[in-house]
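Data block below; observations after.
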Amino acid sequence: MIHPVDEDGRLRAVRRYRVLDTPPDGAFDRITALAARHFGVPISIVSIVDTDRIWFKSHHGVEVAQVSREPGLCASAILQDEPWVVENAAIDPRTLANPLVAGELGLRFYAGIPLKTADGYNLGTLCIIDKEPRSMSVQETSTLSDMAAIVMDELELRLNARSVIEQERQLREQAESLARELQARLLPPQLPDLDGIETAALYLPADAAVVGGDFYDLFAMRDSVFLAVGDVSGKGSAAAAVTGMARHTIRSAALLADSPAGILATLNEAMLFGRAGIEIEHFCTVLLGRAQAADGGLLLTLSSAGHPPAMLVRADGTADELHRASSPAGCYPDASFEEQNVLLEPGDRLLLFTDGLIDTRTEDGVLEVDGVKRWVARAGSSAQDLVDALRYGLSEPGVQVHDDVAALALKVL
Amino acid sequence: MQGTAGENGGPEQPGFEITRVELPDTVVLSLHGELDLSCIHVFEAAAQDAPRTGTLLLDLRDLEFMDSTGIRVIMNLQLRADAEGWALVLTNLQPQVLRMLRLCRVDERVRIAASEPP
């Protein structure tokens, strides 16, 4: 077999265009049909020279779709950059041994123009073939070269379209992985194991590729366990940045102050700090609880910043809302946050959730807190059962979730 | 001022629309449908066009649902009204919308006029 100087580089170029063994393509078939008609020859081919075969992207006037890489015709045409013209193959020493010439097909005339890439590799040829000897004028050679240039333009177009699609796919994958990474950092990697309580959490994004503003957190500090569920208004990376800031501000404030209302006041100040203009860009609703051992159970101190109620599910199954209305954090410098204290007995459970849950549409309308109560009433007795009841309810037919849902459940053991 | 939010929701979504009526000294924006993140830009655009004098009346008779993103736009309208010296008044609040305002104590910061019979 005869090879160009840089055959490895040429084969890499052939692979790059990813044209081998692709289905027929109207654009190339039109060019070979046009060439055959224009030059009055029976056969015209767009060939791509592979490792050990010559594959035809388009073959007008001949049935075969590929031939072996024998010297003389296309295999020789790609060895140089000039048109390769054989006027009578039967007597031309370059071609007389070629099976297509010597064999049944008995080809006599061949004119091939190399299909040359921008970086200088010949992928194959556009060629015209006749069973009779003939000659090519300079003008005819120039016309065939123009047609070969159109073939190359088509190949480039397809390569560019593929690389644009590929780039878009990569960008989309990067964006999705960034969204997942951001989201993962907004949630604790796993809930800590804490004495005397059992916990479970749920996070269901409405759209896996878009970072939402929902978060939850659970951490032990001094003699207390802090639990938080929050929601930053808006979506996307700007909301995600505020969400990360809010979660860390709550943790930092808890290092310095014990009172949930005080922690929310710090969060409010931190979010208002440096606001440009008078308008609110992002606010954050939070439900923050602190639990401390007391009288064989847990004393819960709960404070809300514009967040939907918490649900207290007593050991006997009765469910009550725990709620104190207040402004969300990040809206008003004069906002005040109240606290309420509840004694949780062993077997009692607490459920915190974001508004994505209560805004869920069911066949009976918006779910609301009453709907959450109905879902919770059919749950088993563990913290995980509460979360599973929400997950099950949200997956029921006819239920449409338009927003992210985060929930955190705690049970006193 | 009109707009709908069909493209982000399914066909089963009722959509969201705002109609605007100009009276002497008062602009009335009537909100229709369901307001959430998918159509908040319609409300925000209408809020940007709010008058800088007189009264802006938000008629919420036909607003069947509003999530927290709508609350933020109302809060910002009130902040602008306070800063620029005009009045924001809400009327005909449906129960779910009123609950949302109370949850965030926005009902204490905006003027809510007595509902008129439909």
Side-chain angles (χ1 to χ4, degrees), chain A residues 206-207 210 212-214 230-236 239 275 277-287 304-309 321 323-338 354-361 363 365-370 398 400-404, chain B residues 5-16 33-41 43-45 47-48 50 52 63-86 88 94-110:
Chain A
D207 178 348
V210 180
D214 286 17
D231 184 2
V232 170
S233 60
K235 283 205 182 270
R275 181 204 282 179
I278 57 162
E279 296 203 359
I280 303 158
E281 199 179 342
H282 292 285
F283 65 57
C284 181
T285 73
V286 188
L287 198 50
S304 171
H307 201 83
E321 294 168 39
H323 189 244
R324 290 282 187 276
S326 72
S327 304
C331 298
Y332 304 111
D334 64 351
S336 63
F337 304 96
E338 296 170 28
T354 54
D355 62 0
L357 179 65
I358 54 177
D359 290 350
T360 293
R361 316 302 168 87
E363 281 167 347
V366 179
L367 185 65
E368 297 281 7
V369 178
D370 286 342
Q400 294 174 46
V401 189
H402 294 293
D403 197 0
D404 300 346
Chain B
E7 68 271 21
N8 290 326
E12 71 282 357
Q13 272 211 309
F16 176 71
E34 302 193 351
L35 176 56
D36 61 20
L37 188 64
S38 69
C39 49
I40 194 66
H41 58 281
F43 190 24
E44 279 185 321
Q48 282 301 318
R52 307 248 157 179
L63 185 65
E64 287 141 27
F65 174 83
M66 180 175 73
D67 74 358
S68 58
T69 54
I71 294 285
R72 188 178 59 85
V73 179
I74 291 176
M75 285 173 159
N76 281 335
L77 275 172
Q78 186 61 56
L79 287 170
R80 272 182 47 202
D82 292 345
E84 295 167 1
W86 48 272
L88 174 71
Q94 299 297 314
Q96 188 272 337
V97 175
L98 187 59
R99 262 202 304 282
M100 277 302 302
L101 293 178
R102 286 191 174 140
L103 182 70
C104 298
R105 290 178 74 167
V106 176
D107 59 320
E108 297 169 15
R109 294 180 187 263
V110 298

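Only heavy atoms go into these numbers, but all of them, side chains included; no hydrogens, no water, no symmetry mates.
When His307(A), Glu281(A), Glu279(A), His282(A) are compared by the number of non-hydrogen pairs under 4.5 Å with chain B, Glu279(A) comes out ahead. When each of Gly306(A), Ser233(A), Ser326(A) is scored by its heavy-atom pairs under 4.5 Å with chain B, the top score falls to Ser326(A).
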Do Thr69(B) and Lys235(A) pass the side chain to side chain contact (heavy atoms under 4.5 Å, CB included) test, and can you show the C-alpha distance, the side-chain angles, and the key distance before you say yes or no?
CA-CA 10 Å; Thr69(B) 54; Lys235(A) 283 205 182 270; over 6 Å; no

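Heavy-atom minimum distance, Pro308(A) versus Leu103(B): CA-CD1, 3.7 Å. The heavy-atom pair separating Gly234(A) from Leu37(B) by the smallest distance is CA-CD1, 4.4 Å.
Remark: Arg102(B) CZ is loosely packed, at most 12 non-hydrogen atoms of other residues, nucleotides or ligands lying under 6.0 Å away.
Put simply, CD on Glu34(B) and CG on Asp359(A) are 10.0 Å apart, with the number rounded to the nearest 0.5 Å. Ile278(A) contributes atom CD1, which lies 6.0 Å from atom CD of Glu84(B) (distance to the nearest 0.5 angstrom). Atoms CG and CG, from Asp67(B) and Asp403(A) in turn, are 6.5 Å apart once rounded to the nearest 0.5 Å.
Contacts of His323(A) with chain B are made by side-chain atoms alone, with heavy-atom separations under 4.5 Å and no backbone atom involved. Using a 4.5 Å cut-off between heavy atoms, Glu368(A) touches chain B through its side chain atoms alone. For Ser327(A), the parts lying under 4.5 angstrom from a heavy atom of chain B are both the backbone and the side chain.
For residues 72-80 of chain B, heavy-atom neighbours of chain A at less than 4.5 Å comprise Arg72(B), Met75(B), Asn76(B), Leu79(B), Arg80(B), sorted by residue number.
Looking at residues two or more places apart in sequence or on another chain, you find a side chain to side chain contact (heavy atoms under 4.5 Å, CB included) between Glu338(A) and Arg324(A), Arg105(B).
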